[in-house]
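Here the structure is a predicted model, which is why all the values come from computation and not from measurement. Throughout, a chain's letter reflects where its sequence line sits, starting with A, and its residues are numbered from 1.
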Amino acid sequence: MIKVMLKDGSSIDIEEGSSILDVAKKISEGLARVATCGEVDGEIKDLRYILNKDCSLTIHTFDSSLDGKKAYWHTTSHIMAQAVKRLFPDVKFAIGPSIDEGFYYDFDIERPFTDEDKEKIENEMKKIIKEDIAIERFSLPKSEALELMKDQPYKQELINELPEGEEISFYKQGDFTDLCAGPHLESTGKVKYIKLLTSSGAYWRGNEHNKMLQRIYAISYPKASQLEEYLQLLEEAKQRDHRKIGKDLELFMTHELVGSGLPMYLPNGATVRRLLERYIQDKEIEMGYSHVYTPSLANVDLYKTSGHWDHYKDDMFPVMKFDNEELVLRPMNCPHHMLIYRSKMRSYRDLPIRIGELAHDFRYESSGSVCGLERVREMCQNDAHLFVTPEQIKSEFAQVVKLILSVYEDFGFKDYTFRLSLRDKDNKEKYFDDDQMWETAESQLREILTELGLNFYEAKGEAAFYGPKLDVQIKTALGHDVTISTCQLDFLLPQRFELEYIGEDGKAHRPVVIHRAILGTFDRFMSFLIEETKGAFPTWLSPLQVKVLPISDSQVEYSKEVEKQLKAIGVRVKVDDRNEKIGYKIREAQLEKVPYMLVIGDKEIEANAVAVRSRKDGDAGQMKLEDFVCKIKQEIDTKAR
RNA sequence: GCUUCUAUAGCUCAGUAGGUAGAGCACUGCCAUGGUAAGGCAGGGGUCGCCAGUUCGAUUCUGGCUGGAAGCUCCA
């Protein structure tokens, strides 16, 4: 036996010849509290241990502190569970993990929590913290674990799924014991500042067919200032919400007479959208795309042919029946484009064929998920379908990725991730059933991405029903993870629509289809752009680029001349000739986020100049009118940010 | 769709323990002609989201519907 000394003075016994894993396991079992989390200089930090050659252990703090935070939040979640148990003895516990920021716990309880309940729970938690109850870890064989949790059906379900023969670990703090893998802090008193955030329903195991439980989200920190900072951050995110900015800047509106998920673009928002539409179409034309217009309605048989009907009909608006016709609003544009491809004989010399469209699609999004411009029921896609030979897949896919990267560069977007969205093999209903086809498509796509040197992660069950996708994911102000761009590989629809091209050998071959959307939908893209820029769009995209502000009415005439000259080079400009003080006009223009304000007084008239004020940097001094015209023209032409 | 919350002037929000409402901003008029984020005075504007029920009486209480919010499910 070797005695291993720990830095805190305690020791454990280890058998000679033990593997490092055995040692680590023993340490984490026996001394989890010490070995995985502790207090350093008053702050909770994660601790790591190193087994030295002489069998002594060195414990040191772990910098990234992520694991430390997790233990901190997870411990707080147990405190919350204990508080709920004290207040509602009949409660059944589900799970209570730590998340990116904070933690939640799901409870099965007679009635939903009210605000008063939450206040009581928070107070009870504070009591438990004050009691500073020691947290102890122990483990049991499966049968005893089940016996211990005999009143907790959800915990029993979890225990039953753990592998046979392994000891099951629990954490106990006073009168409360929870099934848990840890790690945890030493005692409840280590938690300092807590705040319950929101409560809502959540399905057991995230399955809508299961019972809905009551979830409480909460956060905790060792310092009051950290909690304050976090709440501040939440408040800032609220200010950045595209729905708030969209209202303030008159970008879009909704009306109950129009309906949920059906926003209307106001002149300001419509200007931004028009510029985005032109921007992306111009880029596509440069890259060899041809654009088409196709109807938003189609015969339902079109979607039966494509396979959308089987996989997608629940998300579509209901069929409109007439004498002998059944029409539907389209949820996507692929079938229309397939028919355009098939409208004439195609040669391998014609490929790749790139068909693009700014197309309106209609999806019956569930009422709980519609959200401003982010999730709507009528959307406009920046869609295109590339018809390629198998040999062209790689280069065409690479071209799309290049286009995505160049667009993100133009807008200066940095916080996005690439997701390789694969099917879930076990969910036969959701995906077209052809293992061979899926394996080819998925492995080919993975190969392409690896070759492109793209940093991506894989997600099972996120594919389209017809094939795997490369999605570009971003996080919204509210923290939703949503897709902007997407590029999808499809071997199915060419088969469904019997697409062909004549190859070099004079025989018919089947093309492959690449579906792609760069801005995704204009609606969602706008919502993202609004949140990224906080409504202060770069000059080239601003609904109003320049506001000319005469100080008094004697300068109105000259101001109109300035306006005329700017209009002549296509600048969106307005004179504010209202009878108001200059400070008032500036304040208003500033709140409207107009990039440039030109203050015009007698001095400017005399010098044939303008006094430039930028939205960003304030007063920039006087400038010759012609110099300003040059400056703003260049800024617009280069799409400067 | 599910759970909870929510709806008062164009906007942001007070308020009425059940007796038909108020502020600031915005809007209109007048005065002030003002040099880098709100000048002064006056005025107009609401069947208190919609439909039922309880009540002598409902904006207020109850139910339903519609819209909105958070989360879950689903998704560009």
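The residue Gln590(A) sits close to a base: some heavy atom pair falls under 4.0 Å. Here Lys430(A) lies in heavy-atom contact (under 4.0 Å) with sugar-phosphate atoms only. Within 4.0 Å of Gly583(A), counting heavy atoms only, lie sugar-phosphate atoms of the nucleic acid but no base atom. No contact: Leu213(A) has no heavy atom under 4.0 Å from any strand. When heavy atoms are screened at a 4.0 angstrom cut-off, Lys469(A) is found touching the sugar-phosphate backbone but no base atom. Within the 4.0 angstrom heavy-atom criterion, only backbone atoms of the sugar-phosphate kind lie near Gly206(A); the bases stay farther away.
For Glu256(A) and A69(B), the CD to C1' distance is 15 Å, given to the nearest whole Å. Put simply, CZ on Arg205(A) is 24 Å from P on C2(B), counting in whole angstrom units. For the pair Arg243(A) CZ and G67(B) C1', the interatomic distance rounds to 14 Å; values are reported in whole Å. Straight-line distance from the CD1 atom of Ile551(A) to the P atom of A32(B): 19 Å, rounded to whole Å. For the pair Glu101(A) CD and G71(B) P, the computed distance is 15 Å after rounding to whole Å. Between the OH atom of Tyr584(A) and the C1' atom of G34(B) there is a distance of 14 Å, rounded to whole Å.
Side chain of Ile586(A), nearest nucleotide from U33(B), G35(B), U36(B): U36(B). When distances are taken from the side chain of Ser366(A) to each of G1(B), G34(B), U36(B), the shortest belongs to G1(B). With distances taken from any side-chain atom of Ser552(A) to the nucleotides U3(B), G34(B), C74(B), the minimum falls on G34(B). Nearest to the side-chain atoms of Ala611(A) among the listed nucleotides G35(B), A70(B), A76(B) stands G35(B).
Using a 3.5 Å distance cut-off with no hydrogens or angles, the side chains of Ser406(A) and Lys283(A) do pair a donor with an acceptor.
A donor-acceptor contact under 3.5 angstrom links the side-chain atoms of Glu365(A) to the base of A76(B). Between the side chain of Asp602(A) and the base of G35(B) there is no donor-acceptor pair of N/O atoms closer than 3.5 Å. One donor-acceptor pair, N or O on each side, does fall under 3.5 Å between the base of G1(B) and the side chain of Tyr203(A).
The partner of C2(B) is G71(B), judged by Watson-Crick or G-U wobble contacts that both fall below 3.5 Å.
Using a distance-only test at 3.5 Å, with no hydrogens or angles considered, a donor-acceptor pair links the side chain of Asn268(A) to the main chain of Leu249(A).
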